[in-house]
Amino acid sequence: MLGGYGRDHRRRAAATAVLCGLLSACESPVPFYPPGQGAPDDPVIGLGGPAPVAVASRPRATAGPAATGADVYAATRPGRWSPVTRALPPRLYVPNAATGAVDVLALPGGRLVGRIPVPGGGRDARVVPSWNLKWLWVVGRDGLLPVSARSGRRGRVRPVPGVRGLYFTSRGREAVTISARRVVFRDPVTMRARAALRLPCVGTPHADLSADEGTLVLACVRPGMLVGVDVARRVTTGTLALPIGAHPQGVRLSPDGSLFYVADAVRGGVWLVDAARLQATGFIVTAPGASGLLPGRDARTLYVLGRGDGSLTAVDFAARRVTGRRRLPLAGTAALGGAAADGAALWLTAPAAGTVYSVSADDGGVTGMVRLGGRPVNPLLYPQPARYSLGGTAHFR
């Protein structure tokens, strides 16, 4: 099996697929508010300023964490929508490193329906769903911008520079930002710092949480290592030094919660890391430049993006072996943005071609394509079936 338009949209997509061309040629009916100003009905407007924080605006728990040993992705199966996202139309949020904005595309078809400024721009900009699925955080070089997933209205930029990764602890009690040298625990709405932990390495945006969501495991590129953080006690629980030259990228937990899969761009594969002991137990060769990781909608397959040869590799979670590999149609494909709601397709970006596109999870064939221009990076397909978000680009449970 090798995500896009789902099976239930393919017929419509074939008839209505749109190649946008340059951004200026597309329609943009969504209001574009000046920096720091949101619409009056924005639920998060004003929370970052001196005004009192409205308690009613804080995220509230709607479901508990997945149980250890169970299928941590059980709530992300097709059709298992949260009441918060059930009625939302599908959108693809694509940060564009050349324009400093997030392009919002309506699916199916790919029509541009809005643009959201990225605070300070940045080539590593990304869009992260909040724990309660109500907001989308636009992460830029100069801060974090909350956007209502329902109305598209923007709140005030939280002045938190240098964030590489944004995640959320169990029940959304805290936000966790990862920078080059620090992990900071924050209020999940105001993003005010509560506590900080210095890293023994240079952190990346890539991390995931254990099955009980008590431990955050993040990847460091210099030196190549993994760091475990107890999110309740806010302390480092252990480190795993990978072989010299390793370049860890994506981190994803196995469905049964027993292993972390860690992509290694230099060695061209994924490390298998015991989730309880933070020890390497094996390695699976996939393709040169292994980077992005994305579980399939059925949680049986892990998709591994190979930047070195422009490929997509399927790894069977249970058998722990490669079951398929497809060459992607566009050179320079850089990121995986999520699986379609029915699991039939995956969305990716090709920055060098200024394009976002989707491929079939079955045979790797192209099912949709939108030419944006610029340098599209780190796409997010939203909404997706889930009870809540743990942050990252598509870390749902």
Side-chain angles (χ1 to χ4, degrees), residues 1-4 73 204-208 217-221 224-226 240-256 258-275 279-339 343 345-352 357-366 377-379 392-395:
M1 297 178 63
L2 285 177
Y73 302 119
T204 71
H206 309 293
D208 202 356
V217 173
L218 58 94
C220 285
V221 66
M225 66 188 304
L226 301 179
L240 169 62
L242 296 173
I244 295 176
H247 194 111
Q249 296 283 292
V251 180
R252 295 308 292 253
L253 187 66
S254 64
D256 65 3
S258 65
L259 295 172
F260 284 102
Y261 285 73
V262 182
D264 188 331
V266 170
R267 291 181 175 258
V270 290
W271 293 97
L272 308 181
V273 177
D274 185 282
Q279 293 182 5
T281 62
F283 184 82
I284 301 173
V285 176
T286 57
S291 56
L293 303 178
L294 183 68
R297 187 64 64 198
D298 61 4
R300 296 178 180 176
T301 302
L302 177 69
Y303 297 101
V304 184
L305 178 62
R307 292 180 181 176
D309 63 355
S311 66
L312 191 64
T313 300
V315 174
D316 187 285
F317 271 124
R320 301 177 186 176
R321 63 180 179 84
V322 172
T323 57
R325 183 182 292 114
R326 294 280 180 174
R327 183 62 59 89
L328 293 169
L330 296 179
T333 295
L336 281 162
L346 309 175
W347 277 101
L348 310 98
T349 57
Y357 67 103
S358 61
V359 297
S360 167
D362 292 326
D363 58 21
V366 174
V377 296
N378 303 323
T393 298
H395 287 57

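Looking at R325, its side chain never comes within 3.5 Å of a backbone N or O of T313 through a donor-acceptor pair. With R327 contributing its side chain and D309 its backbone, the two residues share a donor-acceptor pair below 3.5 Å. Using modelled atom types, no side-chain atom of D264 and backbone atom of P248 make a donor-acceptor pair closer than 3.5 Å. Judged by distance alone, the side chain of S254 and the main-chain N or O of L259 form a donor-acceptor pair under 3.5 Å. With H395 contributing its side chain and A207 its backbone, the two residues share a donor-acceptor pair below 3.5 Å. Looking only at distances, a side-chain donor or acceptor of T281 sits under 3.5 Å from a matching main-chain atom of L272. Remark: side-chain polar atoms of T204 are paired, donor with acceptor, to backbone N or O of A219 under 3.5 angstrom.
You'll find the side chain of P295 stays beyond 4.5 Å of the side chain of Y261, heavy atoms only. L305 places a side-chain heavy atom less than 4.5 Å from the side chain of L328. Side-chain atoms of F317 and D256, non-hydrogen and from C-beta on, never get closer than 4.5 Å to each other. Side-chain contact check for L253 versus V217: every heavy-atom pair is 4.5 Å or farther apart. You'll find the side chain of L293 stays beyond 4.5 Å of the side chain of Y303, heavy atoms only.
Interatomic distance, CD of Q279 versus CG of L240, reported as 8.0 Å (0.5 Å rounding). The line from OG1 of T393 to CG of L336 is 9.5 Å long, rounded to the nearest 0.5 Å. In this structure, CG on L330 lies 5.0 Å from OH on Y357, to the nearest 0.5 angstrom. With rounding to the nearest 0.5 Å, the separation of CG in D274 from CZ in F260 is 10.0 Å.
Scanning all heavy atoms of the two residues, the minimum distance from A246 to L242 falls at CB-CB, 3.6 Å. Across every non-hydrogen atom of G268 and A290, the tightest pair is C-CB, 4.1 Å. Between G269 and F283, the shortest heavy-atom distance links the atoms CA-CZ, 3.5 Å. Here the shortest heavy-atom pairing between V322 and T286 reads CG2-CG2, 4.4 Å. Minimum interatomic distance between R297 and G343 (heavy atoms only, all atoms of both residues): CB-CA, 3.4 Å. Taking each heavy atom of R307 and T333 in turn, the nearest pair found is CG-O, 3.7 Å.
The salt bridge (charged side-chain N to carboxylate O under 4.0 Å, His left out) search around R252 returns D208, not counting sequence neighbours.
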